[in-house]
Structures are given as structure tokens and as C-alpha cells.
There are 2 protein chains.
Amino acid sequence: MSPSFLLAQIGAHAAMKFAERLAPLGLSPPDAGILRAIGASAGLSQKRLGERLSILPSRLVVLVDELERRGLVERRDSPEDRRVYELHLTDAGRRALEAIGRTARQHDAALCAALDESERAELSALLTRIAEEQGLEPGVHPGFKRLGKTAQPATRRGKTEPRA
Amino acid sequence: MSPSFLLAQIGAHAAMKFAERLAPLGLSPPDAGILRAIGASAGLSQKRLGERLSILPSRLVVLVDELERRGLVERRDSPEDRRVYELHLTDAGRRALEAIGRTARQHDAALCAALDESERAELSALLTRIAEEQGLEPGVHPGFKRLGKTAQPATRRGKTEPRA
DNA sequence: TATTGTTATACTCTATAACTATA
DNA sequence: TATAGTTATAGAGTATAACAATA
């Protein structure tokens, strides 16, 4: 089987399984990405957060709203520019981030159960080279942009009508 | 970086790039999966096709409608059970399938440009073992089921109101 | 009564444009 | 005039229920 098909297939499977493990924490994969990014760069604006994660501003608002409502993220007015917020993790947010880390390690172990330690290292090395050559941002899941094709509406002829 | 994150990241990238290469043919990834499945088992019913590809019947109808409208797929009444259609590729459908194959090989070469021949074989071997251990169907992309978490509507407080 | 294909509908995510407050 | 954040809305994809024809 072609490596790129296997990558797409296992990658989608990995993303789904990770989302399943995250669900009991009440978090989605975008939530985890947001908490991780804020944890790595406290004070980030929504603008730059959205750019880093390739999440549209209009969607980011809703995601941050929810994380703020649940007390994991805090929006502070920037003293330099009153248009922007500085995003910070609360204590609960930091605990959530740690839980995400534990979840990720469990997920990793389960997904790579077929491989021993040195094989996992070999796999990571190969994947890292591909990621670099393809110009992928380290630590940033690209999400899934719009990609379908544009097609005209089809004229339907029914199975809900007698055929004989 | 953890292998499972790299897998999800590169997998999503691979899926997007493949969709981009398919777009000039006027096809989406599900279209390609459908043509491939019908090509491998001519006469398949929509029911079994949907099961194999994990596409819901209500969506499959629309996809097959469009492929039939474009003359790539033909629905023939089953002589044994008047409820079902037998799905077949037309000549144009077979040509489309060949074009998809060429596209997939180009995609594969581009995605794995960082690796030489023996490294690609090594990668495929590792990935195949993971796919088997994880119980993934050979040749079937799992798509992306519903996985977000359920959250109550948030009470918004606006940046569109004066803050001072 | 169960099944195949189909339609209708709801919810989520992606995407774009327009809007408010501020620079 | 441009920018950060927000709102509204349109377009896909996912999911469920209900329906007609047939088994």
C-alpha cells in the first residue's frame, strides 16, 4: 500500500482516537490546541493565536468564549492596544493542559502498540523528515480546510417512484 | 515530537494535498473512494458501498447521483431484488479511475520526497503494522465522524461595546 | 415486519462579509 | 484608513428520523 494513503488513513484514525480520549475532559482537539498555544506563549492575542492554529477569527471567538466561560482561559485587556485581548491560562487551565499531556502520552502508547521503542523512534525520525520537507509547522495540526469540488445541482430521478 | 501527533499532522496534510490534486479532475476524495470501490467490486449495492466506505446512505445518494449525472457510474436495476441498484463503472468511469491512479502515484512521490526508496519501504512497513494492529480496513480512509464535545451556549459579553 | 434507497432536517465546521471600537 | 474582535450568514459534512417501494 502507498505510504501516503497509509499516512492519511492512520492520521485520520489517530485524530479520531485522540478526540475520543479528550472528550471525557470536556475538550475538543481545537480546545487542546488553543490551551497548548496559550500555555506556550502567554499573553497571545486572538489574532496571532488564530494565525498560528489556522483557525478563522470568527470561529476562534466562539472557542475562546467557551474556554473562558469554563474558567480555563482569561481574556485581559491589553494595556497597549485597547482593541486586543491578551490570552492567559487560569490555574484550572494549566491543570487542564497537564491532563491533556497525560492523555496525549496514553494515546501515543496505544496508537503505536505494534512497535517497540526503537521502531517508534525510527518512525518519528522518518515522519519528522517528511514534515520538514513538506513545510509543516512543528506542533500545528493543519485541520481540514474546504476542499470539495464545486458541482451543479443534480436532477434526481427517484427510487421512490414505481420503476416498472 | 510524538509519533501520533506527527501521524495526525502529516495525515491531514496528505489528505488535503491529495484532494488538491484530485480537484482538477472534478473529483473529491469520496468520489475517488467510490469509483475505486466500484471498480474493485462491480455490481455493488449502495448499501454495501456505504458500509465499506463508512458513508451514510443519505450522503451516498447525493454522491452517486452526481457521478451518475456525469456519466462515470451507472445504476442498474438488480434482477434479483427490485429494491437495490447494482453500481457499475462506465467507460468514462474506468478512465477516471485510471487518472486517479496516476494522480495517487504523483501524490505519493511528492509527499515522500524527503525519503529514498528503501526508507519509503521501511515507512510503509511500520505504518502497515500500525494499521493492522489498530484494526483498520486496508484501503479504506475512515473519514472524520462527529467528535466535538457538547457544550451549552455561552453567554457573550462584547468587545463591540465600550469597555471603559 | 424488515430492508433499500431516498428525502427532510438539525448540528457542526469552514468561509466570507459586514459591523463596532480602536488605532 | 486599517486592524482586532465580533456577528451574521452561506456552504459542506455528519447524523438521525421518516418515507415509498419492495422483500
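Labels below follow one simple rule: chain letters A, B, ... track the order of the sequence lines, proteins then strands, and each chain is numbered from 1. Heavy atoms only: backbone and side chains are in, while hydrogens, waters and symmetry mates are out.
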Query raised in the report: Between B:P57 and A:R59, who's closer to the 5' end of DNA chain C by nearest nucleotide?
Result: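 The answer here is B:P57.
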**Report entry** 5' precedence on DNA chain C between A:E80 and A:L56 (nearest-nucleotide basis)
**Finding:**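 Result of the comparison: A:L56.
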Query raised in the report: Counting just side-chain N and O atoms, does B:R83 come under 4.0 Å of either OP1 or OP2 of D:dA23?
Result: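 False: B:R83 side-chain N/O out of range (4.0 Å or more) of D:dA23 OP1/OP2.
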**Report entry** side-chain N/O A:R75 vs D:dA4 OP1/OP2, d < 4.0 Å
**Finding:**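 Looking at the OP1 and OP2 atoms of D:dA4, neither is under 4.0 Å from any side-chain N or O of A:R75.
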Query - Minimum-distance nucleotide to A:V84 side chain [options: D:dA4, C:dT4, C:dT6] - result: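 Looking only at side-chain atoms, A:V84 lies closest to D:dA4.
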Just how far, in rounded Å, is [atom2] of [N] from [atom1] of [X]?
{"X": "B:E68", "N": "C:dG5", "atom1": "CD", "atom2": "P", "value": "13 Å"}
{"X": "B:Q46", "N": "C:dT3", "atom1": "CD", "atom2": "P", "value": "18 Å"}
{"X": "A:D65", "N": "D:dT6", "atom1": "CG", "atom2": "P", "value": "6 Å"}
{"X": "B:M16", "N": "C:dT14", "atom1": "CE", "atom2": "P", "value": "11 Å"}
{"X": "B:L87", "N": "C:dG5", "atom1": "CG", "atom2": "C1'", "value": "11 Å"}
{"X": "A:K47", "N": "C:dA23", "atom1": "NZ", "atom2": "C1'", "value": "14 Å"}
{"X": "A:E51", "N": "D:dT3", "atom1": "CD", "atom2": "P", "value": "11 Å"}
{"X": "B:I55", "N": "C:dG5", "atom1": "CD1", "atom2": "C1'", "value": "15 Å"}

**Report entry** A:E122 versus B:L126, closest heavy-atom pair with distance
**Finding:**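 Smallest heavy-atom distance, with atoms named: CG-CD1, 4.0 Å.
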Report task. Indicate the atoms forming the closest heavy-atom contact of B:L35 with B:A96, along with that distance. Result ->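 The answer is CD1-CB, 4.2 Å.
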**Report entry** Verdict with reasoning, B:K47 to B:E51, per salt bridge (Lys or Arg N to Asp or Glu O under 4.0 Å)
**Finding:** CA-CA 6 Å; B:K47 180 87 190 319; B:E51 285 166 0; 3.0 Å; yes
Report all side-chain donor-acceptor pairs from residues 101-116 of chain B shorter than 3.5 Å, counting only partners two or more places apart or in another chain.
unit_1, atom_1, unit_2, atom_2, d
B:T103, OG1, B:A99, O, 2.9
B:H107, NE2, B:A14, O, 3.4
B:D108, OD1, A:S2, OG, 2.8
B:D108, OD1, A:S4, N, 3.1
B:D108, OD1, A:S4, OG, 2.3
B:D116, OD1, B:S118, N, 3.1
B:D116, OD1, B:S118, OG, 3.2
B:D116, OD1, B:E119, N, 2.8

Query raised in the report: Is a side-chain donor-acceptor pair under 3.5 Å present for B:S41 with B:R48?
Result: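 B:S41 and B:R48 do not have a side-chain donor-acceptor pair below 3.5 Å.
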Query raised in the report: Counting any heavy atom closer than 4.0 Å, what does A:S58 reach on the DNA or RNA strands: base, sugar-phosphate only, or nothing?
Result: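 Result for A:S58 = base.
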